[in-house]
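Note that the coordinates shown come from a computational prediction; the quantities given were computed from them, not determined experimentally.
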Amino acid sequence: MKQKNLGVIVLAAGKGKRMNSKRKNKVTFPLGNRPMILHAVKLLEAIEIRTIIVVVGFAKKSVIDVLKDTSVIFAEQRKRLGTAHACSRALLKLPRNITDVLVLQGDDSAFYKPEILKKLIENHVSSQATLTFLTLALDKPFGLGRVVRDAFGQVVSVIEEKDATEKQRLISEINPACYLFNVAFLRKNLKKIKKSSVTGEYYLTSLISLAIDDKEKVETVKVKGMPWRGVNTKEELEEAKRLFYDHR
């Protein structure tokens with residue numbers, strides 16, 4: 001795959017209501033020497049990806065202002081109906097020459113290194129996968145979706161902790177929501193995702209099950225020992241700051 005055929009969607013529309021911020025999106029809070037969302041964009045520029053779409057929604061001006069000196073494309077998610085819905089908004093802005101798209105979260109990408117994303121891309125291309133996603137081995141996976149594999153090591157599902165059995169909760173491999181999709185698959189299957197009966201939202205994790213059920217090729221890149229912290233609360237932001245500084 002040539003880089004010109006690879007695009008990126010950065011999800012930055014969520015309200016992050018537990019951050020208790022009414023005027024700033026959580027991705028604009030500083031981590032280290034720059035806002036979290038700017039870490040993501042600089043990382044993508046470092047691996048020479050030029051088509052970067054940032055999905056904005058809650059407090060969109062705060063995100064747009066932070067990225068005003070970059071060349072990103074903005075897509076708006078006016079109704080926050082989940083990560084899959086956010087991707088559907090971004091696809092409206094995706095150039096037609098893009099064949100594969102990387103999907104990142106705007107609040108945790110500061111922890112990724114260029115070599116990790118390069119490995120994800122290389123694996124996706126060489127295996128000709130429909131979907132490749134990053135997994136992390138964490139000592140404390142509390143509250144996170146677990147990656148369930150069969151006896152042959154193939155991914156069977158990603159299950160949220162609240163839905164997991166006691167045995168599944170012992171799994172240390174988690175899904176940090178960093179995906180590489182074949183665009184044709186993404187366009188075809190986003191509309192098949194069912195709304196969560198609990199939250200009323202549409203989630204990208206559903207695409208993993210859809211791909212497996214349709215016998216599409218699903219690959220993973222497992223990373224051990226990488227610091228990582230998604231940020232949804234002020235306490236998690238403080239933890240992210242500690243991790244970030246401890247591993248610089």
Side-chain angles (χ1 to χ4, degrees), residues 1-16 23-31 34-112 114 116-118 120-121 124-125 131-134 176-191 193 201-204 207 230-231:
M1 184 199 314
K2 295 179 180 178
Q3 293 290 62
K4 67 179 182 180
N5 297 123
L6 177 66
V8 182
I9 296 170
V10 183
L11 303 181
K15 189 172 184 179
R23 296 185 178 180
K24 289 182 62 177
N25 189 288
K26 66 176 181 177
V27 302
T28 67
F29 281 75
L31 182 59
R34 55 173 59 129
M36 287 186 278
I37 186 69
L38 194 55
H39 280 287
V41 172
K42 294 300 181 184
L43 169 67
L44 297 167
E45 290 177 345
I47 60 174
E48 300 184 335
I49 296 177
R50 296 291 173 252
T51 301
I52 304 171
I53 299 174
V54 176
V55 183
V56 295
F58 172 72
K60 64 179 182 180
K61 186 177 185 300
S62 65
V63 182
I64 293 170
D65 285 348
V66 164
L67 299 177
K68 63 183 179 181
D69 295 325
T70 70
S71 58
V72 305
I73 302 166
F74 293 103
E76 185 174 3
Q77 185 187 27
R78 294 183 179 178
K79 294 182 180 180
R80 263 79 73 196
L81 297 176
T83 51
H85 179 259
C87 274
S88 71
R89 300 301 90 196
L91 284 179
L92 297 175
K93 298 291 185 77
L94 195 70
R96 285 290 172 179
N97 68 303
I98 301 299
T99 58
D100 294 83
V101 65
L102 179 66
V103 181
L104 297 173
Q105 312 302 305
D107 66 335
D108 67 3
S109 303
F111 292 103
Y112 298 145
I116 290 175
L117 293 189
K118 286 179 180 179
L120 189 73
I121 294 166
H124 183 76
V125 174
L131 161 60
T132 305
F133 66 101
L134 192 70
C178 177
Y179 310 98
L180 228 175
F181 293 103
N182 172 272
V183 171
F185 169 83
L186 193 58
R187 292 187 188 278
K188 177 182 176 182
N189 288 280
L190 276 176
K191 57 190 176 186
I193 294 176
E201 297 183 355
Y202 301 86
Y203 296 116
L204 276 176
L207 289 174
V231 176

The reported gap from CZ in Arg50 to CD1 in Ile52 (rounded to nearest 0.5 angstrom) is 7.5 Å
Quick check against the 3.5 Å criterion: does Lys24 have a side-chain atom that pairs as donor or acceptor with the backbone of Ser62? no
Ser109: side-chain hydrogen bond (donor to acceptor under 3.5 Å, both in side chains) partners, not counting sequence neighbours: none
Could I get the full list of side chain to side chain contact (heavy atoms under 4.5 Å, CB included) partners for Pro30, not counting sequence neighbours? none
Salt bridge (charged side-chain N to carboxylate O under 4.0 Å, His left out) with Lys61: which residues, sequence neighbours excluded? Asp65
Backbone of Gly230 reached by a side-chain donor or acceptor of Gln105 within 3.5 Å: no
Looking at CD1 of Ile64 and CD1 of Ile37, how far apart are the two atoms once the value is rounded to the nearest 0.5 Å? 11.5 Å
Throw together a table of side-chain donor-acceptor distances under 3.5 angstrom for residues 7-16, partners on residues two or more places apart or in other chains.
none

The test is side-chain contact (heavy atoms from CB on, under 4.5 Å); show your working for Arg187 and Leu94 and say whether it passes. CA-CA 11 Å; Arg187 292 187 188 278; Leu94 195 70; 4.2 Å; yes
Provide the closest heavy-atom pair for Leu207 versus Phe185 in the form atom of the first, atom of the second, distance. O-CZ, 3.9 Å
Arg34: partners by side chain to side chain contact (heavy atoms under 4.5 Å, CB included), with sequence neighbours left out: Leu38, His39, Lys42
For Ala86 and Gln77, the nearest pair of non-hydrogen atoms, with its separation, is N-NE2, 3.3 Å
Value rounded to 0.5 Å, distance of CG in Asn25 from CG in Asp107: 9.0 Å
Quick one: are Leu67 and Pro35 in side-chain contact, heavy atoms under 4.5 Å? no
Between CG of Leu186 and CD1 of Ile98, what distance do you get to the nearest 0.5 Å? 13.0 Å
Could you note down all residue pairs passing ring pair (Phe, Tyr, Trp, His ring centres under 6.0 Å) where residues 44-93 supplies at least one of them, sequence neighbours left out? none
Which pairs count as salt bridge (charged side-chain N to carboxylate O under 4.0 Å, His left out) when at least one residue sits in residues 71-84, sequence neighbours excluded? Lys60-Glu76, Glu76-Arg78
Those residues that, when tested against Tyr112, pass side-chain hydrogen bond (donor to acceptor under 3.5 Å, both in side chains) (two or more places apart): none
Residue set satisfying side-chain hydrogen bond (donor to acceptor under 3.5 Å, both in side chains) with Asn182, at least two apart, ordered chain then number -> none
Would you call Ile53 and Val101 a side-chain contact if the rule is heavy atoms closer than 4.5 Å? no
Could you give me the CA-CA distance, side-chain angles and deciding distance for Asn5 and Asn97, then say whether side-chain contact (heavy atoms from CB on, under 4.5 Å) is met? CA-CA 6 Å; Asn5 297 123; Asn97 68 303; 4.1 Å; yes
For Ala84, enumerate each residue passing the side chain to side chain contact (heavy atoms under 4.5 Å, CB included) test, keeping only those at least two apart in sequence or located in another chain. Leu190, Ile193, Tyr202, Leu204
Taking atom CG of Leu134 and atom CD1 of Ile116, what is their separation to the nearest 0.5 Å? 6.5 Å
Ring pair (Phe, Tyr, Trp, His ring centres under 6.0 Å) partners of Phe181, counting only residues at least two apart: Tyr179
Let's go through Thr28 and Val63 carefully: what are the C-alpha distance in whole Å and the side-chain angles of both, what is the deciding distance for side-chain contact (heavy atoms from CB on, under 4.5 Å) to 0.1 Å, and is it a yes or a no? CA-CA 6 Å; Thr28 67; Val63 182; 4.0 Å; yes
Of the non-hydrogen atoms in Leu6 and Thr51, which two are nearest, and what is the gap between them? O-CB, 4.4 Å
Contacts of Glu45 that satisfy side-chain hydrogen bond (donor to acceptor under 3.5 Å, both in side chains) - sequence neighbours left out: none
To the nearest 0.5 angstrom, please state how far the CG atom of Leu104 sits from the CG atom of Leu120. 9.0 Å
Heavy-atom pair of closest approach, residues Ala59 and Arg23: CB-O, 3.6 Å
For the residue pair His124 and Thr132, what are the closest heavy atoms and their distance? ND1-OG1, 2.8 Å
Which atoms form the tightest heavy-atom contact between Pro114 and Leu43, and what is the distance? N-CD1, 3.6 Å
Before giving the answer on side-chain contact (heavy atoms from CB on, under 4.5 Å), spell out for Leu44 and Leu102 the whole-Å C-alpha distance, their side-chain angles and the decisive distance to 0.1 Å. CA-CA 10 Å; Leu44 297 167; Leu102 179 66; 4.1 Å; yes
